[in-house]
Q: 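Attaching a single structure in structure tokens format; questions to follow.
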Amino acid sequence: MGMQALPLIRTTTFFCGSLKNSGKSLVRRAIKSSSTRRNTTTTTTTATMEKHDFDYDIFVIGGGSGGVRASRMSSTAGAKVGLVELPFNPVSSDTQGGLGGTCVIRGCVPKKLFVFGSGFKAEFEDAAGFGWDVDPNPKLNWSKLLEAKTKEITRLNGIYGRLLDGSGVTAYEGGGKLLDKHTVEITKADNTKEKVTAQNILIATGGRAVRPDIPGKELGIDSDDALSLEKLPKKVAIVGSGYIAVEFAGIYQGLGCEVDLIFRQPLPLKGFDTEIRENVMNTLKSRGINVHESTTPESLKEDGKGGIDFALSGGKTINTEVVMFATGRAPNTTRPDIGLKNAGVELDSADAIKVDKYSRTNIPNIYAVGDVTNRINLTPVALMEGMAFVETVVRGNDKEPDYENVPCAVFSQPPVACVGLTEEQAIAEGRTCDIYTSSFTPMKLTLAGRTEKAFMKLVVDTKDDKVIGCHMVGPDSAEIMQGMGVALKCGATKAQFDSCVGIHPSSAEEFVTMRTKTRTVGPNAGAA
């Protein structure tokens with residue numbers, strides 16, 4: 001059975017007169033006929049579908065990266081598209097959001113700006129080794145940084161609106177809720193309501209931060225709040241071991257705060273390569289962050305002096321000004337209520353929308369992309385899923401998102417980046433692999449006197465010499481790893497890595513100059 005598709009009519013060159021107005025109507029007729037022909041699982045008859053005049057070919061609930069990309073490209077390809085997103089606010093809620101979504105407003109972008117801002121403290125310290133006479137106690141103007149961040153995300157929010165408008169997408173400000181599989185109710189800021197209908201609906205509502213269910217959790221903050229604090233605290237306790245926790249630990253430490261980092265695991269960044277995790281752990285401690293590994297949070301209570309007594313397992317208590325929870329995120333499916341039950345859309349055990357390989361739900365005309373599906377929760381992945389949706393649903397060419405060798409980065413200080421399999425994953429898959437590693441002091445740090453090491457690692461399948469994993473901790477790792485991602489996508493072998501001339505002097509050249517094998521692992525390691 002083919003996918004529900006909205007193929008463009010390729011005979012437009014034979015029409016006389018203006019095609020500007022005829023293009024969308026042609027696509028809309030194609031949408032209807034294709035939908036009724038292919039959706040054999042629905043009870044709607046062809047006659048009913050043909051008579052139903054939908055307001056839109058595609059309506060998108062959610063104006064984050066995936067939703068905006070899918071709506072823009074669908075409209076550009078000829079579909080009539082509408083989109084609804086909550087009003088803009090730097091801190092999200094059931095009634096507040098904004099075009100650009102988590103990444104642009106309260107995630108990747110403002111966080112990276114704070115990473116840049118917090119990195120200057122170490123830069124000032126390092127400058128002395130290069131002959132600069134720097135004030136030993138430089139001052140941070142937190143209000144100025146916060147104002148600059150807010151100005152930038154407001155600018156980007158406006159750009160997203162103009163991009164939608166320029167692409168011919170009708171954008172609504174408010175909350176979207178499914179009433180049935182073809183109808184969306186829009187609740188505007190003034191609580192007035194409007195109903196729209198669509199042949200196909202795309203859910204792209206993203207995710208939200210969650211907090212552990214412990215006494216006093218309401219006294220803590222999450223990552224949204226952390227990017228908008230009116231006053232920079234002197235002491236911060238962060239709960240979590242994932243990328244958000246590790247990144248904010250570096251941010252707050254770099255901004256001059258005393259930081260405690262608490263997590264249940266023995267090492268941070270679960271799911272990353274073990275040697276990477278060990279290196280990150282060492283760096284966190286060397287930068288003065290108080291790490292409480294194998295520790296669980298138990299309760300928070302006010303100390304009566306404006307602070308918080310934060311009780312941990314093992315009888316420990318931390319007195320701090322702010323407790324930040326970075327303990328995971330949940331799909332935005334049930335809060336706010338977007339009406340999935342009304343349309344019969346199925347969720348999994350984590351309340352994520354269940355989709356097939358084409359991002360289609362169990363309801364054939366309803367699709368979902370991005371964090372709301374809880375596949376790989378990265379902005380570029382949501383963009384990829386959105387583009388695959390356009391190709392499948394609008395252009396009629398069934399296309400699956402490709403989740404193999406997706407690069408990622410953690411903007412800790414120094415940053416982490418990787419692509420492909422970890423050593424542990426390769427072993428679990430039954431592969432025998434040669435492991436190449438290198439640890440060295442980046443050139444910039446030799447004069448600075450900083451003791452941090454960069455670490456690089458290649459995982460090579462002995463069966464065909466292909467590089468199947470590439471990992472790094474160190475300056476510029478994210479910039480370097482993007483190129484490594486291309487190499488792994490192309491199936492590059494270790495011999496091809498070795499044949500590439502390095503750029504000297506650079507950290508990146510280490511990936512093409514590692515000649516000495518560190519070890520062989522896997523089921524046939526003894527025979528290697």
Side-chain angles (χ1 to χ4, degrees), residues 60-67 70 86 92-94 97 101-103 106-108 175-178 181 201-214 217-218 220-224 239-247 263-265 268-272 296-297 324-364 366-386 388-389 400-404 406 408 410 422 425 428:
V60 182
I61 301 178
S65 299
L86 294 166
S92 66
S93 69
D94 291 356
T102 297
C103 179
R106 62 194 69 87
C108 325
K177 181 179 181 179
L178 291 165
K181 64 183 181 181
I201 292 172
L202 177 65
I203 309 295
T205 49
R208 67 180 187 279
V210 295
R211 304 184 185 193
D213 189 15
I214 60 175
K217 64 181 180 181
E218 69 279 359
I221 66 170
D222 58 29
S223 55
D224 283 14
V239 184
S241 65
Y243 69 95
I244 295 175
V246 171
E247 288 171 342
F263 48 83
R264 293 185 175 93
Q265 302 293 323
L269 298 179
K270 181 181 179 181
F272 284 75
T296 57
M324 174 186 167
F325 293 113
T327 47
R329 296 180 64 81
N332 279 330
T333 52
T334 59
R335 204 199 82 192
D337 179 13
I338 56 174
L340 296 177
K341 287 184 179 180
N342 297 337
V345 176
E346 293 181 355
L347 304 180
D348 65 16
S349 59
D351 283 338
I353 296 177
K354 295 169 66 174
V355 293
D356 65 11
K357 60 186 178 181
Y358 297 107
S359 298
R360 182 172 57 181
T361 72
N362 62 302
I363 306 302
I366 299 179
Y367 294 75
V369 298
D371 291 8
V372 75
T373 65
N374 199 31
R375 288 176 281 184
I376 298 179
N377 296 339
L378 297 172
T379 294
V381 172
L383 297 175
M384 173 182 67
E385 291 168 353
F389 165 83
E400 304 174 35
D402 181 3
Y403 299 105
E404 186 175 5
V406 173
C408 69
V410 180
T422 66
Q425 289 169 336

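Each residue takes its place number in the sequence, starting with 1.
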Q: So do Arg375 and Ser359 actually touch side chain to side chain, heavy atoms under 4.5 Å?
A: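 Counting from C-beta outward, Ser359 and Arg375 do come under 4.5 Å.
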Q: Evaluate the side-chain proximity of Arg211 to Asp222: yes if any heavy-atom separation is below 4.5 Å, no if none is.
A: yes
Q: Would you please test Ile61 and Leu202 for side chain to side chain contact (heavy atoms under 4.5 Å, CB included) and show each step?
A: CA-CA 6 Å; Ile61 301 178; Leu202 177 65; over 6 Å; no
Q: For Ile366, is there any backbone N or O sitting under 3.5 Å from a side-chain donor or acceptor partner on Arg360?
A: no
Q: So, taking the atom named CG in Leu86 and the one named OG in Ser92, what distance separates them when rounded to the nearest 0.5 Å?
A: 9.0 Å
Q: Return the CD1 to CG distance between Ile201 and Leu178, rounded to the nearest 0.5 Å.
A: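 Ile201 CD1 to Leu178 CG: 5.0 Å, rounded to 0.5 Å.
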Q: To check you understand the geometry: which heavy-atom pair defines the closest contact between Phe263 and Ser241, and what is its length?
A: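 In this case the closest contact between Phe263 and Ser241 is CB-CB, 3.4 Å.
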Q: More than 12 heavy atoms of other residues, nucleotides or ligands under 6.0 Å from CD of Glu218: is that the case?
A: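 More than 12 within 6.0 Å, yes.
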Q: Taking all heavy atoms of Ile376 and all of Val406, pick out the closest pair and write down the distance.
A: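 Between these two residues, the closest heavy atoms are CD1-CG2, 4.3 Å.
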Q: Which atoms form the tightest heavy-atom contact between Gly370 and Ala382, and what is the distance?
A: CA-CB, 3.8 Å
Q: Rounded to the nearest 0.5 Å, what separation is found between the CE atom of Met384 and the CG atom of Leu378?
A: 9.5 Å
Q: Run the side chain to side chain contact (heavy atoms under 4.5 Å, CB included) check on Phe389 and Val60 step by step: do they pass?
A: CA-CA 12 Å; Phe389 165 83; Val60 182; 5.8 Å; no
Q: In Å and rounded to the nearest 0.5 Å, what is the NZ to CG distance from Lys181 to Asn362?
A: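 Reported to 0.5 Å precision, the distance equals 10.5 Å.
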Q: Report the distance from atom OG1 of Thr205 to atom CG of Asp371, rounding to the nearest 0.5 Å.
A: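 With rounding to 0.5 Å, OG1 (Thr205) is 9.5 Å from CG (Asp371).
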Q: What is the minimum heavy-atom distance between Ile203 and Val372, and which atoms define it?
A: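 Where Ile203 meets Val372 most closely, the heavy atoms are O-CG1, 3.8 Å.
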Q: Rounded to the nearest 0.5 Å, what separates atom OG1 in Thr333 from atom CG in Leu340?
A: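 Spacing of OG1 (Thr333) from CG (Leu340) equals 6.5 Å.
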Q: Does Ala368 offer a backbone N or O that forms a donor-acceptor pair with the side chain of Thr373 under 3.5 Å?
A: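 No, Thr373 side chain to Ala368 backbone: no donor-acceptor pair under 3.5 Å.
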Q: Please say whether more than 12 non-hydrogen atoms of neighbouring residues, nucleotides or ligands are located less than 6.0 Å from CZ in Arg264.
A: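 For Arg264, atom CZ is not crowded (no more than 12 foreign heavy atoms under 6.0 Å).
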Q: Pair Met324, Ile244 - check side chain to side chain contact (heavy atoms under 4.5 Å, CB included), show working.
A: CA-CA 10 Å; Met324 174 186 167; Ile244 295 175; 4.0 Å; yes
Q: Looking at Ala350 and Asn374, what are the two nearest heavy atoms and their distance?
A: CB-ND2, 4.4 Å
Q: What are the two closest non-hydrogen atoms of Ala245 and Gly240, and how far apart are they?
A: CB-O, 3.2 Å
Q: Between Thr361 and Glu346 (side chain of the first, backbone of the second, donor and acceptor by atom type, cut-off under 3.5 Å), is there such a pair?
A: no
Q: Could you walk me through whether Lys357 and Tyr403 pass the side chain to side chain contact (heavy atoms under 4.5 Å, CB included) check?
A: CA-CA 11 Å; Lys357 60 186 178 181; Tyr403 299 105; over 6 Å; no
